[in-house]
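Values below: all heavy atoms of this structure, side chains included; hydrogens, waters and symmetry mates excluded. The residues of the chain are indexed from 1 along the displayed sequence.
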Amino acid sequence: MNTTEVRELPGVDSMKLLGLLGAVELGFQVNLGFTAIPQVQTVQDIERLICESRAQYAAPAS
């Protein structure tokens with residue numbers, strides 16, 4: 001479990017957090033959207049959002 005606060009990482013501000021989430025979307029091929037920004041406090045939150053996005057898009061359409 002990684003509870004490192006994202007905003008405590010060196011040089012991270014709101015714009016860098018946006019860039020980080022964009023890189024996560026590209027690297028992990030997920031769609032987090034802008035709603036992910038306020039949800040991210042820790043590195044574990046990013047991991048959770050990746051898993052949730054993968055599960056959402058892997059689920060068969062109803």
Side-chain angles (χ1 to χ4, degrees):
M1 177 188 311
N2 194 337
T3 57
T4 301
E5 291 284 326
V6 173
R7 296 180 195 278
E8 291 176 0
L9 297 172
V12 173
D13 58 19
S14 296
M15 290 305 294
K16 289 202 176 156
L17 179 57
L18 181 59
L20 171 67
L21 292 177
V24 166
E25 286 185 324
L26 289 173
F28 288 92
Q29 298 179 349
V30 293
N31 182 17
L32 302 179
F34 288 110
T35 59
I37 296 170
Q39 296 179 49
V40 173
Q41 298 297 320
T42 66
V43 174
Q44 183 180 11
D45 293 334
I46 295 172
E47 294 169 351
R48 177 182 48 79
L49 288 168
I50 291 168
C51 291
E52 288 174 1
S53 179
R54 284 185 170 171
Q56 176 185 357
Y57 290 101
S62 34

S.K.: Give the minimum heavy-atom separation between Thr35 and Pro38, together with the two atoms involved.
M.R.: O-CD, 3.3 Å
S.K.: Given 3.5 Å as the limit, does a donor-acceptor pair link the side chain of Glu52 with the main chain of Leu32, or not?
M.R.: no
S.K.: Measuring from Leu21:CG to Gln39:CD, what's the distance to the nearest 0.5 Å?
M.R.: 10.0 Å
S.K.: Rounded to the nearest 0.5 Å, what's the gap from CD1 on Ile50 to CD on Gln29? Could you check?
M.R.: 12.0 Å
S.K.: When clusters are formed by joining ILVMFWY residues with side-chain heavy atoms under 4.5 Å apart, either directly or through shared neighbours, do Met15 and Ile37 land in the same one?
M.R.: yes
S.K.: Answer yes or no: is there a side-chain heavy-atom contact under 4.5 Å between Val40 and Leu17?
M.R.: yes
S.K.: So, do Leu20 and Ile46 sit near enough that their side-chain heavy atoms are less than 4.5 Å apart?
M.R.: yes
S.K.: Any side-chain heavy-atom pair from Leu18 and Phe34 closer than 4.5 angstrom?
M.R.: yes
S.K.: Considering only NZ, NE, NH1 and NH2 on the basic side and carboxylate oxygens on the acidic side, decide whether Asp13 and Lys16 come within less than 4.0 Å.
M.R.: no
